[in-house]
Colleague: 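I have a structure I would like to understand better, so I am pasting it below and will then ask my questions one at a time.
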Amino acid sequence: MTRKIELLIPVGGIPQLIAAVENGADAVYLGGTAFNARMSAENFDMEKMEKAVDFCHLRGVKVYVTINTLMRDEQLIKGLKYALNMWEIGVDALIIQDLGFGELIRENIPNMELHLSTQGTIYGEGGANAAKTLGYSRVVLAREMPLNLIEGVSKNSAIETEVFVHGALCFCFSGQCQLSRSIGGRSANHGMCAQPCRLPYRLDGDSPKYELSPKDLCLVDYVGELIKAGVSSLKVEGRLKSPEYVAIVTGIYRKYVDEFYEKGSYKVSSDDRRNLLQIFNRGSFTTGYIKEDTGDNLMSKAFPKNQGIFIGTVSGISKVRDRYVAGVILDSADLVKQLSMGDIIEARFHDSHGNLVTRSATLTYLNNKKRGEVNEIDMGDFLTPLPGDAEIYRVVSRDLNKAAAETYKNKTLVSGKYKRTTPIDMTLKSEGNVVILEARSELLDKPVSQFISVDGSTASRDNLDKIRENLTKLGGTPFRGRNITIKRPIPMALKISQVNSLRRGIVSKLEVDIISKEKRKVQIHKDSIDVCSQPNSGEVLTEPTEYTNIGEKSDWRLSAGDKPEVYFYSVEDFEEEVEKQKLQIKNKKTLALLPLADILLHGISVVNLDEKVKMRGYEDWIPYISNVSMGKEDEIIGRWLEIAHEIAKNKGLYIGNFQWYENFKCVGVEIYGDFGLNIYNSKTADLLDKLGFAGVMPSSETYGDENGAYPMMTAQHTIDGSKMQDRKGMKISIVRRDWSDQMILAKNGIKWDKVNVNKRVFFAK
């Protein structure tokens, strides 16, 4: 029988954890106090982490811990020590980004299950198979994948797949974003993303808009299709979200997963759609890339925050005591019944300069004044007057939040009236004056038992109803009685207090055995690892903006022979640079890096390229496959694969992802690992060396202004324009390539005559 798909829920703190479990999560993912891509969440220290793991395991829920940042050399052993702690307390899997760190775990904790994070940028069968070879049991697929690619990887790769179905979308492929680090030194790959994609930008000098802010993802209508596609896990985003958000989203997705398995189909109710929108949405929802629709319906350019639900437009404003009440023409008559005192409403309008202004208020005044066919309502209180064209949104529903809170409030990790419990079967029997209670749970391989001796008559008790009733009193425990069997004879001397004692004892044994089953012993001596037991919470905060280790070790084979390189986004860029001589090449050993797919698509003569390269003063050129080649680039390479092999055999090949690694390796091509593989420490470099790479180029995490127009974002969505500018005047080039489906946002404003070609320089028009 095919295993039922997993519903995987984010938890940023203990209330969110309880909300997730109580509302039907099959698994949760959470972060600790270090090496965590969501360092601004509440997160879990080691004590809370162990209690969280125990709480989940008692209910059959798995726990995955994110150790999903890139690591410097000196952080690797600290990370390993941290992973050993996770192994000991029974964490079910670790979510990893850094390939070298993953290899270190596999060497030292070989039975620890590893999931490759979405920051690993896996979007095809080649990458998924490489992840399997590297020891990962699951890949979290890139969010930019359409359903047909998801199905291809899920059904044709011998590895589990995990797909995001709800929550915030990144504009950039995860793991490939340098915008936050480039703007303010806060790296997304170190858990410190400042979310610059939610800020306004000027496109070609126009008024500022939120050009990089996608709507939130909602695939509740596609649950059945993802199940049929062979996906292993449905993942919700949101470790920074409230417990109310976790409760609502978990409950709704649980409902439709179960309904699909039960009936083979389902229809999402209007109430559930409204509740998903109400709890959090950025400009309504998008289905993302699942149907390959990446038009402007993907984006929320007008407003980057939670939009709530549109209520109506202000028709007038009046003053009541010291507050202002808005007359609002409602968007729908149904809204009259949905609004409640205590809701949080927000007015939005533009000032005289065209800037968006918001005013929030708690709904403390509500008066329905329907006139004819017009549904109008007075609502407030606002502290300041509003213009007549202001739009009103409800951003918080008191009733919805109250219902969500009921699922987790007054519950802790150790006590409470839990809705989510583990079923147990109990059998009560006697052997002479010894009464035995036996319990079985699906979470254990064998039953547990508890016994008690009774004094007095061993005659059989006729009425067993009271005993049965007391055996089922499991409230406040992680269990519920499913099948209660009482085998006669039960001695008359057995007291109800003794029945209660047996029940409490059996519950205690069940808890101990279930928790103990998941604990493990470390196979290596911890004291041989000379680091503190717990990485401190400030570890990530001290990350440098530039990498200091790479290349310091003489045994590293960096890039293609450790020669200076100029990376061109297209052959046309290269030819234009040759013609205009923007970039002065002083080192005659410099290599030009040119896109393989561009050469193949346009049938560019290799002999002609050789001549132009020599004419310009380069020593030679090397083809490359991008950090993201999904779609058109992959199709072009596959279409002209024999020619691609021939070119790469003669020149070597840079690859920025694992999609084509095995294919070119098998025909004897000398392969170099490019920046998209995020090589950030010597362990990753050593791993790629073992995989047969002839050299490596450090992660784009190491790039700065000296690297020229390096890629700050690689995106599936395309922006109509050529240049962007942020609030502080930083210039960004929009790079499109006719041989690729992906767009690149590159650092601009480069004075090419000042650039010193040392290791790697990126060139853009």
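Only heavy atoms go into these numbers, but all of them, side chains included; no hydrogens, no water, no symmetry mates.
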Colleague: I'd like to know if the side chain of H115 and the backbone of A93 have a donor-acceptor N/O pair within less than 3.5 Å.
Modeller: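 The answer is no, because no donor-acceptor pair under 3.5 Å joins these two groups.
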Colleague: Looking only at side chains, do Y261 and E259 share a donor and an acceptor under 3.5 Å apart?
Modeller: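 Not at all, the side chains of Y261 and E259 share no donor-acceptor pair under 3.5 Å.
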Colleague: Do you know the tightest heavy-atom contact between G224 and Y266?
Modeller: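 Looks like N-OH, 3.6 Å.
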Colleague: Any side-chain heavy atom of S187 within less than 4.5 Å of one from E701?
Modeller: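 With C-beta onward as the side chain, the pair touches.
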Colleague: Compute both the distance and the angle, then confirm whether R143 meets the cation-pi test with F164: under 6.0 Å from the six-membered ring centre, within 45 degrees of the axis.
Modeller: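 Checked: cation-pi criterion met.
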Colleague: Quick one: list whatever passes salt bridge (charged side-chain N to carboxylate O under 4.0 Å, His left out) with R348, sequence neighbours left out.
Modeller: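 So R348 forms a salt bridge (charged side-chain N to carboxylate O under 4.0 Å, His left out) with E346.
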Colleague: Check this for me: does any side-chain nitrogen of one of D271 and R274 sit under 4.0 Å from a carboxylate oxygen of the other?
Modeller: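 Counted as a salt bridge, because a side-chain N and a carboxylate O are separated by less than 4.0 Å.
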Colleague: Under 4.5 Å between any side-chain heavy atoms of N375 and I329, yes or no?
Modeller: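 Heavy-atom side-chain distance check fails, nothing below 4.5 Å.
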Colleague: I'd like to check the side chain to side chain donor-acceptor pair (under 3.5 Å) partners of K255; sequence neighbours left out, ordered by chain and number.
Modeller: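 Once residues adjacent in sequence are excluded, the partners of K255 under the side chain to side chain donor-acceptor pair (under 3.5 Å) criterion are D272.
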Colleague: Enumerate the side-chain hydrogen bond (donor to acceptor under 3.5 Å, both in side chains) contacts for residues 311-337, please, sequence neighbours excluded, ordered by first and then second residue.
Modeller: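 The answer is S315-E376.
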Colleague: Side chains of T364 and D381 only: does a donor on one sit below 3.5 Å from an acceptor on the other?
Modeller: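 Looking only at side-chain atoms, D381 and T364 do form a donor-acceptor pair, the distance falling under 3.5 Å.
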Colleague: Whether K411 engages the ring of Y418 as a cation-pi pair (distance to the six-membered ring centre under 6.0 angstrom, angle to the ring normal within 45°) should be assessed.
Modeller: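 No; the conditions do not both hold, so K411 does not lie above the ring face of Y418.
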Colleague: I would like to know whether Y289 and H717 meet ring pair (Phe, Tyr, Trp, His ring centres under 6.0 Å); could you show each step before the answer?
Modeller: CA-CA 9 Å; Y289 302 91; H717 180 71; 7.7 Å; no
Colleague: For D399, check salt bridge (charged side-chain N to carboxylate O under 4.0 Å, His left out) against everything at least two apart and list the hits.
Modeller: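 For D399 there are no salt bridge (charged side-chain N to carboxylate O under 4.0 Å, His left out) partners, ignoring immediate neighbours.
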Colleague: Show me the donor-acceptor pairs, under 3.5 Å and distance only, between side chains in residues 720-729 and residues at least two apart or in other chains.
Modeller:
residue, atom, partner, partner atom, Å
S722, OG, D204, OD1, 3.1
K723, NZ, S733, OG, 3.0
K723, NZ, K765, O, 3.4
D726, OD1, K728, N, 3.0
D726, OD1, G729, N, 2.9
D726, OD1, M730, N, 2.7

Colleague: Is the Lys NZ or Arg CZ of R59 less than 6.0 Å from the centre of F55's six-membered ring, within 45° of the axis?
Modeller: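 Yes, R59 lies over the aromatic ring of F55.
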Colleague: Considering residues at least two apart in sequence or located in another chain, which fulfil the side-chain contact (heavy atoms from CB on, under 4.5 Å) criterion with K209?
Modeller: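 Only E211 meet the side-chain contact (heavy atoms from CB on, under 4.5 Å) criterion with K209.
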